[in-house]
Amino acid sequence: MQGAFHVRRSPHTALPQATLLETDIHPVPVTRSDIGKARDLRDAPSVPQGSAGRRTRRNGYVMVAAGVILVGAGVWSFGARMMTPGQGIVPPSLPVVTVAFPLRENITNRTELTGQFSAVNQVGLRAQVSGYLSEIHFQDGQIVRKDDLLFVIDPRPYEIQLQQATAQRETAAAALELADKQVARTARLNREQFATDELLDQRAQTQRAAAAAVQAAEAAIRSAQLNLEFTRIVAPFDGRVSMRRVSVGSLVSGGTSDPTALTSIVSLDPIYLDFDMSEADYVAYRHASAGRPADEKTTVQISLDGEQPWSRTGELNFLDNQLDRGSGTLHARATLANPNLTIAPGQFARVRLPISPAQPALLIPDSAQLTDQSGKTLMVVQNDGTVVPKQVETGALEDNGMRVITRGLLSTDRVVINGLMRLRPGLKVEAHLAPLSRTTKN
């Protein structure tokens with residue numbers, strides 16, 4: 001740097017050492033007067049030992065001038081390095097995105113409907129005989145098995161009726177035995193002309209009445225046994241029992257007029273899913289199922305709240321014989337297994353019914369599509385790395401988050417599946433191709 005000079009220092013006074021931080025350096029303007037002062041200091045004679053104040057002042061001028069010169073030299077040196085010929089500005093790196101080719105599979109079009117579960121078997125338990133309730137053998141809401149004992153009505157009156165019916169049968173049997181002997185004796189005497197035909201007819205009629213009395217006594221026994229059996233109320237099938245509506249000691253009424261309700265029980269496995277389909281869905285389903293064997297069952301997909309979507313399947317086993325005139329819908333029903341008994345009758349679910357044969361279609365992850373006022377858009381990377389938006393039409397959302405693309409996409413398009421937030425149309429990117437499958441997660 002031109003105009004550089006040397007500063008003569010006193011042999012008795014050393015300049016103080018100072019450490020300058022980059023944050024503490026402030027640009028100071030250098031004037032002609034400062035440079036002149038520095039030259040005067042170079043030619044100034046040595047200062048005597050007694051002139052400490054003037055020596056300190058002159059040393060301060062020397063430090064200021066030297067600092068200004070050093071800062072200026074550093075700025076010039078840094079600027080010279082930045083402006084070095086042949087060293088250009090480093091271009092920014094291209095955004096990195098992940099792309100994939102659309103997945104091509106055979107897809108069946110399905111319609112989604114809302115259904116409600118119902119029990120295959122549902123029974124309200126009522127008393128068939130009257131009496132005092134003596135025992136209850138279940139907890140409210142308990143799972144019970146077929147023939148499990150639930151209630152006991154006091155059986156003692158019906159045990160007495162059975163004993164009376166048994167005694168009546170013995171009496172009738174004795175009368176029948178006597179009538180048989182009388183008929184046999186009268187018939188022998190009639191053959192020997194010692195008894196009239198009229199007497200023989202009377203004895204035969206008495207015999208038939210005695211036989212009828214025996215049959216009546218036997219029927220009374222069976223009735224008493226049945227009433228005694230009705231005092232023990234058991235579960236008619238496997239299922240979940242409701243709360244009890246009576247307590248021990250309650251007087252319950254049986255018979256057909258107004259029997260006492262005890263509780264109810266519903267079956268849980270298997271279970272029905274009832275739903276209504278529109279006329280258009282019914283027609284599409286009929287076209288899709290045309291040509292299939294009559295005994296082939298239609299499989300439906302079922303989705304419940306709190307579970308993985310469409311994790312259950314069932315079989316369509318019923319279609320009503322006519323559409324409802326008011327709603328224009330057709331009632332349908334599917335059956336599905338419920339081995340863990342987690343589905344309760346009355347619960348709602350979504351059901352997907354196939355309405356077309358399997359056809360080839362393109363699928364992409366649902367997260368790869370963008371939504372705006374014009375519709376659905378996919379970002380596609382061309383061969384030169386330029387990002388281009390494509391308007392597409394979408395179909396149903398398949399399992400594992402795969403979306404069906406019905407129009408606007410080619411199987412050779414490289415669709416951006418990761419890194420969409422950094423993109424804009426026309427931007428150059430660095431695309432990394434990744435394989436796509438139904439299990440791909442972004």
Open item on the list: Set out, in order, the CA-CA distance, both residues' side-chain angles and the distance that settles side chain to side chain contact (heavy atoms under 4.5 Å, CB included) for L150 and V144, then state yes or no.
Closed with: CA-CA 9 Å; L150 303 179; V144 296; 4.1 Å; yes

TODO: Measure from the side-chain N and O atoms of R403 to the backbone N and O of G395, and report whether any donor-acceptor pair falls under 3.5 Å.
DONE: yes

Task: Neighbour count above 12 (heavy atom, 6.0 Å) for Y132 OH - done: no

Task: Any L336 side-chain heavy atom under 4.5 Å of I343 side chain - done: yes

Open item on the list: In the structure I gave you, are the side-chain heavy atoms of T114 and F275 within less than 4.5 Å of one another anywhere?
Closed with: no

- [ ] Would you mind reporting whether I405 and I364 have side-chain heavy atoms less than 4.5 Å apart?
- [x] yes

TODO: Indicate yes or no: at least one non-hydrogen side-chain atom of R312 is less than 4.5 angstrom from one of L304.
DONE: yes

Task: Spacing of CG belonging to N109 relative to CG belonging to L353, to within rounding of 0.5 Å - done: 12.0 Å

TODO: Step through it carefully: locate the ring centre of Y158, locate the ring centre of F230, and say whether they are under 6.0 Å apart.
DONE: no

Task: Lys/Arg N to Asp/Glu carboxylate O, D238 vs K146, below 4.0 Å - done: no

Open item on the list: Nearest 0.5 angstrom please: D320 CG to R333 CZ, how far?
Closed with: 10.0 Å

Task: Any side-chain heavy-atom pair of R352 and W310 under 4.5 Å - done: yes

Task: Salt-bridge present (K428, D384; N to O < 4.0 Å) - done: yes

Open item on the list: As an exercise, state the distance from CG of D281 to CG of L113, rounded to the nearest 0.5 Å.
Closed with: 5.5 Å

Task: Modelled atom types, side-chain donor and acceptor of Q391 and T377, under 3.5 Å - done: yes

TODO: Go through the steps to decide whether L423 and V97 satisfy the test side chain to side chain contact (heavy atoms under 4.5 Å, CB included), and finish with yes or no.
DONE: CA-CA 9 Å; L423 300 185; V97 296; 3.6 Å; yes

Open item on the list: With a 6.0 Å cut-off (strictly less than), is the heavy-atom count around CG of D305, excluding the residue itself, greater than 12?
Closed with: no

Task: Distance in Å, Q168 CD paired with T171 OG1, rounded so as to fall on 0.5 Å steps - done: 7.5 Å

- [ ] Answer yes or no: is there a side-chain heavy-atom contact under 4.5 Å between S130 and V252?
- [x] no

Task: Atom CG of N383: over 12 foreign heavy atoms under 6.0 Å - done: no

Task: Rounded distance [0.5 Å steps], CG in L228 versus CD1 in I153 - done: 11.0 Å

- [ ] State whether the side chain of D372 and the backbone N or O of G375 hold a donor-acceptor pair below 3.5 Å, judged by distance alone.
- [x] yes

Task: N/O donor-acceptor pair under 3.5 Å between D413 side chain and L410 backbone - done: yes

- [ ] Of all the heavy-atom pairs spanning L273 and G115, show the shortest one and how long it is.
- [x] CD1-C, 3.6 Å

Task: Residue pair Q359 / N106, side-chain donor-acceptor N/O under 3.5 Å - done: no

- [ ] Could you check if a side-chain atom of Q163 sits within less than 4.5 angstrom of a side-chain atom of Q161, using non-hydrogen atoms only?
- [x] no

Task: Backbone of L162 reached by a side-chain donor or acceptor of T166 within 3.5 Å - done: yes

Task: Minimal non-hydrogen separation, S267 against P345, with atom names - done: O-CG, 4.5 Å

Task: Electrostatic pair E393:K376 at N-O distance under 4.0 angstrom - done: no

Open item on the list: Can you tell me if E112 has over 12 outside heavy atoms packed within less than 6.0 Å of its CD?
Closed with: yes

Open item on the list: Ignoring hydrogens, what is the shortest heavy-atom contact between A361 and I107? Give both atom names and the distance.
Closed with: CB-CG1, 4.0 Å

Open item on the list: With a 3.5 Å distance limit and no angle check, can you tell me whether D269 reaches the backbone of N338 through a side-chain donor-acceptor pair?
Closed with: yes

TODO: Answer yes or no: is there a donor N or O on one side and an acceptor on the other, between the side chain of R414 and the main chain of Q382, under 3.5 Å?
DONE: yes

Open item on the list: When you compare the side chains of Y282 and T329, does any donor N or O come within less than 3.5 Å of an acceptor on the partner?
Closed with: no

- [ ] Please confirm whether the backbone N or O of V152 pairs with a side-chain atom of S134, one donor and one acceptor, at under 3.5 Å?
- [x] yes

Open item on the list: How about CD on E307, more than 12 heavy atoms from neighbouring residues, nucleotides or ligands closer than 6.0 Å, or not?
Closed with: yes

Open item on the list: Minimum heavy-atom separation for A434 and T98, please, with both atom names.
Closed with: CB-CG2, 3.7 Å

- [ ] Please round to the nearest 0.5 Å and tell me the distance separating atom NZ of K297 and atom CD of E315.
- [x] 6.5 Å

- [ ] Run the numbers on L436 and F101 for side chain to side chain contact (heavy atoms under 4.5 Å, CB included), then give the verdict.
- [x] CA-CA 7 Å; L436 190 62; F101 293 112; over 6 Å; no

- [ ] Indicate yes or no for a side-chain donor-acceptor contact from E177 to the backbone of A174 under 3.5 Å, with no hydrogens or angles considered.
- [x] no

Task: Trace of the ring-ring contact (aromatic ring centres under 6.0 Å, His included) decision for F117 with F348 - done: CA-CA 6 Å; F117 291 103; F348 288 90; 9.2 Å; no

Open item on the list: Can you give me the closest heavy-atom contact between T313 and I302, atom names plus distance?
Closed with: C-CD1, 4.3 Å

Task: Any L341 side-chain heavy atom under 4.5 Å of I143 side chain - done: yes

Open item on the list: Checking the side chain of S223 only, and the main-chain atoms of A219 only, is there a donor and an acceptor separated by less than 3.5 Å?
Closed with: no

Open item on the list: Evaluate L319 against L330 for side chain to side chain contact (heavy atoms under 4.5 Å, CB included), listing each step before the verdict.
Closed with: CA-CA 7 Å; L319 288 174; L330 183 73; 4.2 Å; yes

- [ ] For the residue pair T263 and R244, confirm or rule out a side-chain donor-acceptor distance under 3.5 Å.
- [x] no

Task: CD/E198: more than 12 non-hydrogen atoms of other groups inside 6.0 Å - done: no

Task: For S303 against P309, the heavy-atom pair lying closest together - done: OG-CA, 3.6 Å

Open item on the list: Given 3.5 Å as the limit, does a donor-acceptor pair link the side chain of T231 with the main chain of D154, or not?
Closed with: no

With a 3.5 Å cut-off and sequence neighbours excluded, list the donor-acceptor pairs that the side chains of residues 118-126 form with protein atoms.
residue, atom, partner, partner atom, Å
S118, OG, D274, OD2, 2.5
R126, NH1, P259, O, 3.1

